[in-house]
Amino acid sequence: MGSLESIILPPLLPHLPLLPYLILFMLSLYLLYTGITLVTSIASMIVGAAGTGGDRELADVGLKNPVAWLVLGVLPLLCLIFLVGQHLYGAPVAAATMLSRVALLALPAFLGLALYRKTRQPVYGGPAILLLLASTFFLFSTLGLIYTPERWPLIHGPLPGIFAVSVLVDFMTYLSLSVVAGGAAILFFCFTWPDRRLPEDHPARTRIAAIGKILTLGGTLVSLPLLIWSLAVYPLPSVTPVLLKLFIAVVFVLALIARGTLAMLFDGTERLSTFVFVLSICLLGFFAASMTTLQAGANREQEVLLAQSVEKSQQELQASREALYASAVPADANMGEKIFNERCSACHKFDVQVVGPAYNTVLPKYVNDPDGLMAFIRNPVKINPDLPPMPNQGLNETEIKAVATYLITHFEAETEKGGTP
Amino acid sequence: MSRRLLTFAVLLYFMVGLGAVVALYTFRAPEALAPEQPIAFSHVIHAGKLGLACTHCHVNVERSSQATVPTLSICMECHKSAATDRPEVQKLTRAWEEGRPVEWIKVHDLPWHVRFTHKRHIRAGVDCAVCHGELKAMPRVRRVRSLEMGWCIQCHRANNAPTDCLVCHK
């Protein structure tokens, strides 16, 4: 287990159903922003190396606002670490620790890109892009590990399962969808967004428009086979009907984006930039949703276990409070009767055998040995080979004492009345 | 190529892709991992809430190659009187009274050429959940492990278990 897992608290019951949505929201933000930044920075560096102008404008698409990379890049990633850690609380996988390694690579990458935007020196941009690519690949290897629980017992070393085929396909699919989103962002911010719109006489205007359209259209065409490939290699338990619906939505949105971009290419205008950009946001959102759906499909049992453990810890808390109260008040027969009715009466009656034996046949030996009865309730063992063993009822000491006292008192009272023991 | 023809070609490309996605999903059939059983037995209640040990019902798992589905008499030990008002328990009781076996659908099936023994894995201390997942959280049993050779071999290597072909293959 990683070091971070030890400090993560279990989620509370009302918080539990919210977790998948929070993870989806943060993952969408992170994947969208990182994808756009990555693609526009690479485009800016290529254009800068060719010396044809337009590199500043392209770098500005993802990096102009210094708050954006903090709010859309760094913060969602940090939130993801703890949200995923909570969602997989108790599972034998150190997902939070692995995501924190993603953040360790991503933070200097964002800083390097900010420096590149200021200086436009490849000496900052190149390593930053490599770092961001590495961190994104590691993010998908972590997500891939999360949706393949059968690999959890086999995790060894700090970079487990990094070269699984499904991880590689996820990474490539994400990169191609990022190309779509990056191209759409170039068209939107350089030609529609009022504050940043390029002037009509800008020398690189035509080139930037062509780059935006070609990236968007090319990305949509490449994404489709990758999506199909990924559906072919995902582990079967993580594939659910929801994933199919999301994939259909992704293909539908890709087709709409391609149609819009083609129209702009034929017209030589950028009139559909907003439409294409909004669709590309939906595209990355659907992709993030498919990642969380894979996780939810693979770890469906984790949610039940979490709910059970939360319920159990709340019951323990309640029981410890009751025990504290009961320590001031001696265990009474009313409490014992209540426990008998709630926990014992389904299987035991005094006079007849139900699932377990009749009390009248087994209690005589405990009349002078209440500690023996308490020990049996505390840790039940199979005594009569013809009857099923009694499950442990999970009672605390006060409850055990109360129910044992009730059973013996009730048995003695019935016997004195002349009942048949 | 004319504008209309190119647009049509691109849209056709995505339509074919859409068909491929649906066909691939249908071909892989993930629903088959969790078939509907003749009686909706829930491990969440028995192994989870009641906390019954796996060996309580799968009595042969420690001494046989098969874990064995419990016989109806094991179920009826408790269900002669427990939860008799539930429809699923009534189905069970009817089968018991008619002397008819419940035709459970096998979820964890291995090819004929694989020789797997439960007792050896249990004796080696392998937890049931390693191969079967968290059954105590499954309202309906589903297969959550690939049960493919590569996965078995990885675990055998990690635990210094034999990897000779004839250990697992007939």
Side-chain angles (χ1 to χ4, degrees), chain A residues 91 148-154 156 217 220-221 223-225 227-228 231-232 234-241 243-244 247-248 250-252 254-256 258-259 261-263 265-266 297-308 346-347 353-356 386-389 391-394, chain B residues 3 6-7 10-11 13-34 44 46 48-53 56-57 74 77-83 126-127 129-131 133-139 142-148 151 154-155 157-159:
Chain A
T148 320
E150 70 176 28
R151 295 203 329 245
W152 294 353
L154 309 167
H156 298 291
L217 185 62
T220 56
L221 298 178
S223 297
L224 185 64
L227 277 170
I228 297 168
L231 193 59
Y234 283 144
L236 219 42
S238 58
V239 177
T240 55
L243 185 79
L244 174 69
F247 267 50
I248 291 173
V250 167
V251 176
F252 187 67
L254 277 173
L256 282 178
R259 174 75 185 85
T261 316
L262 260 183
L265 266 174
F266 289 135
N299 302 313
R300 208 183 294 167
E301 291 77 29
Q302 173 69 13
E303 295 192 8
V304 182
L305 289 177
L306 266 183
Q308 282 173 359
C347 293
Q353 176 180 316
V354 191
V355 175
D386 297 331
L387 297 174
N392 192 323
Q393 298 299 315
Chain B
R3 174 181 173 162
L6 194 62
T7 309
V10 167
L11 290 182
Y13 172 75
F14 283 104
M15 278 182 72
V16 170
L18 196 64
V21 165
V22 177
L24 192 61
Y25 178 87
T26 316
F27 175 72
R28 292 198 76 197
E31 284 94 349
L33 294 182
V44 175
H46 294 83
K49 284 186 185 156
L50 291 174
L52 298 177
H56 188 106
C57 304
I74 294 177
E77 272 186 4
C78 296
H79 283 299
K80 269 181 194 160
S81 49
V126 180
D127 188 65
V130 171
C131 303
E134 295 292 350
L135 279 159
K136 60 177 178 284
M138 289 184 196
R142 67 174 189 139
R143 185 159 69 78
V144 288
R145 304 290 183 252
S146 64
L147 306 182
E148 284 170 357
W151 176 68
Q154 272 184 315
C155 190
R157 283 193 187 132
N159 293 293

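Chain letters run A, B, ... following the sequence lines, proteins first and then strands; every chain starts at 1. Bear in mind that the values here come from a model prediction, so they are computed numbers and not experimental data.
- Looking only at side-chain heavy atoms (C-beta outward), B:Glu134 and A:Pro149 stay at 4.5 Å or farther from each other.
- Highest contact tally toward chain B, considering only A:Leu224, A:Val239, A:Val251, A:Val304, is held by A:Leu224 [criterion: heavy-atom pairs under 4.5 Å].
- In terms of heavy atoms, B:Ala20 sits closest to A:Ile228 at CB-CD1, 3.7 Å.
- Taken from CG in A:Leu227 to CG in B:Leu24, the straight-line distance is 11.5 Å, to the nearest 0.5 Å.
- Contacts of A:Thr240 with chain B are made by backbone atoms alone, with heavy-atom separations under 4.5 Å and no side-chain atom involved.
- Considering only heavy atoms from C-beta on, B:Val144 stays 4.5 Å or farther from A:Glu150 through its side chain.
- Between B:Leu11 and A:Ala255, the closest heavy-atom pair is CD2-O, 4.2 Å.
- In this structure, the portions of A:Leu254 lying under 4.5 Å from any heavy atom of chain B include both its backbone and its side chain.
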Practice item. Go through the steps to decide whether A:Glu301 and B:Arg142 satisfy the test salt bridge (Lys or Arg N to Asp or Glu O under 4.0 Å), and finish with yes or no. Key: CA-CA 10 Å; A:Glu301 291 77 29; B:Arg142 67 174 189 139; 2.9 Å; yes
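- Interface remark: A:Ala307 contributes no atoms to any contact with chain B (heavy atom separation under 4.5 Å).
- Neither the backbone nor the side chain of B:His79 comes within contact range of chain A; no heavy atoms are under 4.5 Å apart.
- Ranked by heavy-atom pairs under 4.5 Å with chain B, the first of A:Glu303, A:Gln308, A:Arg300, A:Gln393 is A:Arg300.
- At a threshold of 4.5 Å between non-hydrogen side-chain atoms, the residues B:Phe14 and A:Leu256 do not count as touching.
- Enclosure of atom OH in B:Tyr13 by more than 12 non-hydrogen atoms of other residues, nucleotides or ligands within 6.0 angstrom is indicated.
- Summarising the geometry of B:Tyr25 relative to A:Pro241, their closest heavy-atom pair is OH-N, 3.1 Å, with the distance given to 0.1 Å.
- You'll find the side chain of B:Arg143 stays beyond 4.5 Å of the side chain of A:Pro237, heavy atoms only.
- Contacts with chain A were tallied for B:Ser146, B:Gly51, B:Ala34; B:Ser146 has the most, counting heavy-atom pairs under 4.5 Å.
- No donor-acceptor pair closer than 3.5 Å links the side chain of B:Arg3 to the backbone N or O of A:Phe266.
- Counting heavy-atom pairs closer than 4.5 Å to chain B, the top residue among A:Leu231, A:Thr220, A:Leu262 is A:Leu231.
- When each of B:Gln154, B:Met15, B:Glu31, B:Lys80 is scored by its heavy-atom pairs under 4.5 Å with chain A, the top score falls to B:Gln154.
- For B:Leu18, the parts lying under 4.5 angstrom from a heavy atom of chain A are both the backbone and the side chain.
- Residues B:Leu52 and A:Pro391 come closest through the heavy atom pair CD2-CG, 3.8 Å.
- Interface remark: A:Leu221 contributes backbone and side-chain atoms alike to the contact with chain B (heavy atom separation under 4.5 Å).
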Exercise for review: Take B:Val22 and A:Phe247 through the side chain to side chain contact (heavy atoms under 4.5 Å, CB included) test and state the conclusion after the steps.
Suggested key: CA-CA 9 Å; B:Val22 177; A:Phe247 267 50; over 6 Å; no
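- Of the listed residues (A:Ala258, A:Ala232, A:Pro225, A:Pro235), the one with the most heavy-atom contacts under 4.5 Å to chain B is A:Ala232.
- With contacts defined as side-chain heavy-atom distances shorter than 4.5 Å, the pair A:Leu305/B:Lys136 qualifies.
- For the pair B:Arg28 and A:Tyr234, the minimum side-chain heavy-atom distance is below 4.5 Å.
- No other option in B:Thr7, B:Leu135, B:Ile74 has as many heavy-atom pairs under 4.5 Å with chain A as B:Thr7.
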